[in-house]
Amino acid sequence: MNEAAHEEATARPMRLVTVAGPPACGKTAVVAKTCAKLREAGVSTAVIKFDCLQTRDDALYQAAGVPVSVALSGGLCPDHFFASNLEEAFAWAQHTGADCCIIETAGLCNRCSPHLRGVMALCIIDNLMGIDAPEKIGPMLRLADLVLVTKGDLVSQAEREVYRHRIRQMNSRAVIRHINGLTGQGCQELAQILALAPAVATVTDMKLRFSMPAAVCSYCLSETRIGARYQKGNVRKVEFGHRQEGQHGE
Amino acid sequence: MANEQAIASITVTAGRDKAGNPEPWDLTFRTGEVVALLGPTGSGKSRLLSDIESLADGDTPSGRRLLLDGQAPTAEQRFALHGRLVAQLTQNMNFVLDMAALEFVTAHAESRGIADPAAATAAARQVIDAANALAGEPFAPHTQLTQLSGGQSRALMIADTALLSWSPVLLLDEIENAGVDKRAAMRLLLGSDKIVVIATHDPVLALSADRRMVIANGAVAAVLTRTPAEEALLTRLATQEEGLAALRHALRTGAPVRAWEAFFPTP
């Protein structure tokens with residue numbers, strides 16, 4: 001690509017969507033099926049998959065004809081790794097010429113959320129996680145614009161309704177939808193919503209919706225031994241036997 | 001719930017079949033009526049049900065549109081109803097929670113906006129009583145959901161959906177082999193003020209429905225009501241079902257199983 005083409009590609013606004021959810025809830029199946037629906041509607045996509053150790057999900061996207069790039073955090077905190085690589089990820093997606101970039105993040109801890117201000121934010125969870133799950137999942141659900149619930153075909157109507165109610169209690173403004181990543185039921189509608197995601201020219205200077213947890217302790221620096229004498233830096237000690245309040249710091 | 005509203009009928013406007021031929025009729029489904037959908041796998045039952053569920057607006061492969069009480073839904077109605085119009089019950093569904101039946105149904109009642117705990121518990125007890133009237137073997141309110149038998153689970157799901165679910169449309173998908181008193185379940189559902197649609201292969205359920213829709217090649221090919229001959233057939237089939245239920249009960253309780261005629265009298 002010559003310089004002029006490069007500049008043109010990087011200046012072109014592109015729709016951007018962040019997708020977060022616990023492992024094995026069906027994120028990739030839903031996103032891959034939705035990419036196919038978007039293509040039918042004339043919207044091309046590029047997918048970036050952030051994961052921790054390994055993933056074979058890129059094969060699934062490739063089979064669906066969707067350009068995909070995988071980023072593995074390995075020994076680093078996956079949340080911080082995601083934030084540190086976002087500019088580069090977005091630039092890669094711009095170079096694919098896609099109309100819409102979908103960033104799928106797995107392995108984020110429940111304290112974290114990849115969602116950005118001004119960017120459409122999805123959270124995917126499944127109906128098999130128990131009805132307390134919406135409370136436990138934290139900011140990736142509380143700060144999402146759209147909450148998608150998978151595996152609803154396996155549980156009773158009552159469980160689906162109670163689950164939905166609990167999601168609503170945690171996030172009063174999100175659109176909540178049931179979706180089936182295996183049959184694709186609901187993916188057509190999701191594609192219509194994603195086609196409305198705001199287009200952005202750059203992610204530089206954008207802000208996360210939620211600050212990430214602090215790190216930098218001995219264990220960040222590869223300490224493996226257990227014991228207070230080995231712990232330095234940002235260490236917080238728990239008073240066991242006392243009930244702790246949940247933390248919802250914004 | 002603030003956006004709760006009664007819907008007395010839904011209409012699916014005529015679309016087109018898989019070959020693009022126009023469907024002959026608009027179809028209207030009303031509360032207090034049971035409609036059976038019949039047709040082999042792949043004939044288009046799911047397509048019709050998904051058109052209803054997604055509030056089709058000419059934007060699905062069938063080209064159908066969904067009307068509520070004869071009117072195209074407003075943007076606000078669409079938003080409020082999306083994903084909630086249809087409550088669904090299928091054979092694949094299970095309770096996955098490890099909770100006592102009463103505790104769980106109470107949680108469901110609370111999620112429906114019954115704030116007073118005593119009222120929520122009372123509503124939940126009513127659901128459990130209704131479920132026990134459908135199941136062969138009654139269960140206690142403190143039974144764990146995961147310990148319910150297949151029939152008890154299904155009975156609880158049916159009773160809960162009929163009495164507590166918000167959705168105005170109830171879709172039952174092939175629940176005939178669930179070990180539930182089918183006709184009692186029908187009566188409960190008919191009294192629930194819901195629009196009931198059953199996808200079935202069961203002759204008793206099909207003939208009990210007020211109307212039967214036969215689906216072929218992605219479109220509704222025929223809409224039938226019971227003829228007098230079918231009425232007579234249904235009566236005999238129902239007697240036979242009662243005989244089977246009595247036989248099942250006799251076997252379960254160790255009662256002496258007598259001659260064929262004791263269970264299946266010739267009319």
Side-chain angles (χ1 to χ4, degrees), chain A residues 25 30 33-34 36-38 40-41 124-135 145-170 172-180 182-193 195-196, chain B residues 1 46-47 49-51 53-57 59-61 78-80 82-99 101 103-113 124 127 131 145 148 153-154 156-167 170-173:
Chain A
C25 70
V30 165
K33 287 243 167 28
T34 306
K37 294 288 179 193
L38 279 166
E40 285 172 23
I124 304 186
I125 55 176
D126 75 47
N127 251 143
L128 302 179
M129 300 170 66
I131 53 173
D132 293 330
E135 275 179 72
D145 303 314
L146 196 61
V147 178
L148 301 166
V149 187
T150 57
K151 304 183 191 176
D153 55 327
L154 300 177
V155 305
S156 63
Q157 178 72 25
E159 278 161 292
R160 282 196 298 278
E161 291 182 15
V162 172
Y163 205 63
R164 188 185 179 102
H165 176 70
R166 300 275 166 105
I167 293 169
R168 181 55 78 214
Q169 285 179 322
M170 297 312 293
S172 59
R173 60 181 190 97
V175 171
I176 305 171
R177 292 282 183 269
H178 284 274
I179 195 159
N180 188 326
L182 297 179
T183 64
Q185 197 175 5
C187 290
Q188 172 85 42
E189 198 211 328
L190 176 59
Q192 286 169 355
I193 297 175
L196 301 174
Chain B
M1 208 167 280
S46 310
R47 197 161 111 129
L49 297 171
S50 124
D51 281 342
E53 202 178 12
S54 66
L55 290 102
D57 189 24
D59 52 355
T60 63
R78 290 189 153 270
F79 190 79
H82 236 137
R84 307 181 68 202
L85 182 68
V86 176
Q88 216 170 346
L89 260 176
T90 76
Q91 285 201 101
N92 295 334
M93 287 177 182
N94 288 296
F95 288 115
V96 296
L97 287 175
D98 208 10
M99 253 173 128
E103 193 188 343
F104 172 65
V105 184
T106 304
H108 188 201
E110 283 165 357
S111 82
R112 286 297 321 281
V127 168
L145 289 175
L148 297 177
S153 292
R154 220 59 65 202
L156 182 56
M157 286 182 199
I158 292 170
D160 174 274
T161 309
L163 300 174
L164 274 184
S165 176
W166 178 88
S167 305
L170 171 57
L171 157 66
L172 296 128
D173 198 359

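Worth saying up front: this structure is predicted, and the values here are computed from it rather than measured. So you know, we letter chains A, B, ... as the sequences are listed, proteins then strands, and number each from 1.
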Any donor-acceptor N or O pair under 3.5 Å, side chains B:Ser165, A:Glu161: yes

Proximity breakdown for [X] and chain A, heavy-atom pairs closer than 4.5 Å:
| X | answer |
| --- | --- |
| B:Leu97 | both |
| B:Ser54 | neither |
| B:Asp160 | side chain |

Segment of A:Gln169 engaging chain B (4.5 angstrom heavy-atom cut-off): neither

Heavy-atom proximity to chain B below 4.5 Å, by part of A:Glu189: side chain

For the atom pair [atom1] ([X]) and [atom2] ([Y]), what is the distance rounded to the nearest 0.5 Å?
| X | Y | atom1 | atom2 | value |
| --- | --- | --- | --- | --- |
| A:Thr150 | A:Ile179 | OG1 | CD1 | 9.0 Å |
| B:Leu171 | B:Ser50 | CG | OG | 11.0 Å |
| B:Met99 | A:Glu159 | CE | CD | 9.5 Å |

Under 3.5 Å: donor-acceptor pair, side chain of B:Asn94, backbone of B:Val96: no

Contact check, side chains of B:Gln88 and B:Met93, non-hydrogen atoms, under 4.5 Å: yes

Pairs of heavy atoms under 4.5 Å with chain B: top-ranked of A:Arg166, A:Gln188, A:His178, A:Arg160: A:Arg160

Between A:Thr183, A:Val155, A:Asp153, the one whose heavy-atom pairs under 4.5 Å with chain B are most numerous: A:Val155

